[in-house]
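Working notes, structure below.
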Amino acid sequence: MSLISNLKPGGKHGVPNSESRDPIGFLVAGLNRLAQSDLIDKMGLRKQTEQVVFNVTRTGFKTITNASRTFARSGKTGAPGARPAFTAGTGPFDLTPTEDEQMLVDLVSEFAEEVVRPAASEADARCAAPDELLKASLEIGLPILGVPEALGGVSEERSAMAGTLVAEALSKGDMGLAVATLAPGSVATAIGLWGTDEQQQTYLPAFTGDEVPAAALALNEPTVLFDVLAPATTAVKSGDGYVLNGTKSLVARGDQAELFVVGASLDGKPVLFLVESSTEGLSIEGDPAMGVRAASMTKLELKDVKVPAEAVLGATDGTTYAECVRLSRLAWCALAVGTAQAVLDYVTPYVKEREAFGEPIAHRQSVAFMVANIAIELQAMRLLTYRAAARAAAGKDFSKQVALARRLCAEKGMQIGLDGVQLLGGHGYVKEHPVERWYRDLRAIGIMEGTVLV
């Protein structure tokens with residue numbers, strides 16, 4: 001039997017029989033086979049071989065997407081889907097979480113502290129979230145947080161506030177892992193908010209079952225001065241469906257995703273489309289970035305991708321797309337708040353314990369004022385984010401509030417990351433301490449569009 005035939009797919013380790021490999025695929029398969037051999041240990045080449053496998057898969061990988069399941073069509077075509085109710089108004093703005101929200105936040109906070117934080121450094125280095133962590137996130141119900149209760153989810157009301165609290169709690173553990181765990185639920189939430197009965201009955205049962213699919217929201221594009229409200233990706237009417245062409249960047253876990261929500265321009269209006277990964281014309285390429293590396297960022301290329309008319313998610317006049325952008329920006333604000341809180345919690349005891357010239361550096365006014373400024377700006381970020389989330393959950397216009405929150409979180413979040421590194425001095429520059437990773441992650445807030453939403 002030839003070497004090539006040994007490396008061909010055949011259903012082993014989850015690889016479908018229908019998959020085909022290009023030369024890079026055979027190279028990776030061969031390297032992985034080599035990595036399992038005792039020979040490289042005898043020759044002292046284990047570390048070098050693993051590094052080669054890592055570099056090839058992270059920077060050279062490009063493949064046609066393959067779906068591991070077929071979504072069975074169900075529901076009534078054209079019928080409106082179930083929608084979660086808006087939260088009841090309580091008069092003055094109240095920051096106190098409800099009893100259910102507080103229980104959820106406590107559970108997620110424990111998960112972030114005990115599971116996410118310990119795995120963060122290795123996940124950042126590998127540009128991938130551990131499978132065990134992803135499975136654990138399913139057990140606490142993250143994918144169905146925004147799915148209406150009538151469809152098997154846990155949401156009786158709009159989940160913007162609960163989603164914001166969860167995103168904040170998760171990102172205190174690590175922003176990249178938070179994005180990786182929240183990405184599938186973001187797609188499920190989008191379908192719950194804007195999907196038709198057919199779309200909800202077709203896709204949401206997979207998210208409420210035992211085998212939750214990876215899914216991704218794709219709005220970013222690799223263009224200079226990218227305007228998320230004017231995507232370069234196009235959708236053209238063709239027969240009884242549409243043809244999509246374009247490139248999406250910074251798509252979380254795109255190499256694993258079985259379903260995408262893609263933003264494209266249709267007759268000059270931005271529109272969302274549901275695209276299954278088995279659709280012909282899709283290809284995925286690694287797209288690692290400076291920060292949020294644990295989310296396994298990828299680039300999604302669409303070349304003459306044909307989708308049916310039923311693939312349109314929400315309205316075609318741009319209103320659904322604009323609301324999706326606002327809810328996504330709200331999610332990134334929440335992630336910024338959680339990561340900034342992690343910085344504050346880390347540097348405060350550090351400056352009290354670190355001594356210089358015979359006393360803690362916290363006794364120096366320049367140091368004390370810098371820590372105080374972090375606390376002040378963080379609280380402002382949190383208040384604006386919560387305000388926008390509360391209005392979104394109540395069904396009120398929150399465009400102004402989320403714009404203010406995003407501007408502040410992007411600017412001050414990056415400054416908090418920088419100050420965290422500065423306060424640790426030389427320790428802030430090395431990977432032994434997590435502040436350098438938080439600094440890289442916080443720089444993403446002003447750049448990222450889509451990927452997650454609440």
Would you tell me whether Tyr350 and His433 have side-chain atoms, one donor and one acceptor, within less than 3.5 Å of each other?
no
Main-chain N/O of Asp397 paired with Arg391 side-chain donor or acceptor, under 3.5 Å:
yes
Strictly below 4.0 Å, N to O, side chains only: are Glu436 and Arg440 in salt-bridge contact?
yes
Please check if the side chain of Thr164 supplies one atom and the backbone of Ala160 the other of a donor-acceptor pair under 3.5 Å.
yes
Could you check whether any side-chain N or O of Arg293 sits under 3.5 Å from a backbone N or O of Pro288, counting only pairs where one atom can act as donor and the other as acceptor?
no
side-chain hydrogen bond (donor to acceptor under 3.5 Å, both in side chains) against Asn245, all qualifying residues, sequence neighbours excluded
Asp304
Is it the case that more than 12 heavy atoms not belonging to Asp345 sit under 6.0 Å from its CG atom?
yes
Given Leu244 and Thr279, is the side-chain contact (heavy atoms from CB on, under 4.5 Å) satisfied, shown in steps?
CA-CA 11 Å; Leu244 306 181; Thr279 308; over 6 Å; no
Ignoring hydrogens and geometry, is there a side-chain-to-backbone donor-acceptor pair from Ser328 to Glu449 under 3.5 Å?
no
side-chain hydrogen bond (donor to acceptor under 3.5 Å, both in side chains) filter on Asp174, not counting sequence neighbours, yields Arg437
Could you check whether any side-chain N or O of Arg326 sits under 3.5 Å from a backbone N or O of Ser399, counting only pairs where one atom can act as donor and the other as acceptor?
no
Within the distance-only criterion (no hydrogens, no angle test), does the side chain of Asp441 pair as donor or acceptor with the backbone N or O of Val292 below 3.5 angstrom?
yes
Do Glu310 side-chain atoms and Gln199 backbone N/O form a donor-acceptor pair below 3.5 Å?
no
Run Tyr386 and Glu168 through side-chain hydrogen bond (donor to acceptor under 3.5 Å, both in side chains) and show every step you take.
CA-CA 11 Å; Tyr386 285 9; Glu168 177 187 344; 2.5 Å; yes
Lys NZ or Arg CZ of Lys237 over Tyr242 ring: under 6.0 Å, within 45°:
yes
Look only at the side chain of Thr339 and the backbone of Ala336, and say whether a donor-acceptor pair between them is shorter than 3.5 Å.
no
Checking Ser171 side chain against Leu335 main chain: does a donor-acceptor pair fall under 3.5 Å?
yes
Picking from Leu313, Val261, Leu204, what satisfies side-chain contact (heavy atoms from CB on, under 4.5 Å) with Val187?
Val261
Has the side chain of Arg253 got a donor or acceptor atom that lies under 3.5 Å from a matching backbone atom of Ser296?
no
Hey, could you give me each pair passing salt bridge (Lys or Arg N to Asp or Glu O under 4.0 Å) that has a residue in residues 182-191? Not counting sequence neighbours.
none
